[in-house]
Amino acid sequence: MCDCIEKTNTHLAQHNTKIMLPWVGPKLPFVETIKLDEKKRGKPVKMFASHCPFCGEKLNASSELEVANG
């Protein structure tokens with residue numbers, strides 16, 4: 001399992017930010033989406049990465065990522 005999320009959160013901490021992980025359910029990084037047409041009803045689809053966005057390794061939704069969410 002990679003530690004890219006943890007390393008990235010360490011670097012982001014100096015900017016008072018961190019990668020968003022869900023409070024419940026699988027601890028996978030959240031991918032923010034936006035609506036293309038604001039006139040259409042409905043909310044943007046919520047997406048979670050199944051692979052590390054930094055190194056591409058498949059993520060295990062339960063183990064090390066819980067530590068990264070801190």
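All residue numbers in this chain count up from 1 along the given sequence.
- Shown here for Lys35 and Lys40, the closest heavy-atom pair between the two residues is NZ-O, 2.6 Å.
- In this structure, the side chains of Leu59 and Pro29 come closer than 4.5 Å at one or more pairs of heavy atoms.
- Separation of atoms CD (Glu32) and CE (Met47) is listed at 12.5 Å; rounding is to 0.5 Å.
- Counting heavy-atom neighbours within 6.0 Å of Asp37 CG, excluding the residue itself, gives a total above 12.
- Residues Phe30 and Leu28 share a hydrophobic cluster, clusters being chains of Ile/Leu/Val/Met/Phe/Trp/Tyr side chains in contact below 4.5 Å.
- No continuous path of ILVMFWY side-chain contacts below 4.5 Å connects Ile19 to Val31, so the two sit in separate hydrophobic clusters.
- Cluster membership for Ile5 and Leu12, using ILVMFWY side-chain heavy atoms within less than 4.5 angstrom, is shared.
- Separating the CD atom in Glu6 from the NZ atom in Lys18 is a distance of 12.0 Å, to the nearest 0.5 Å.
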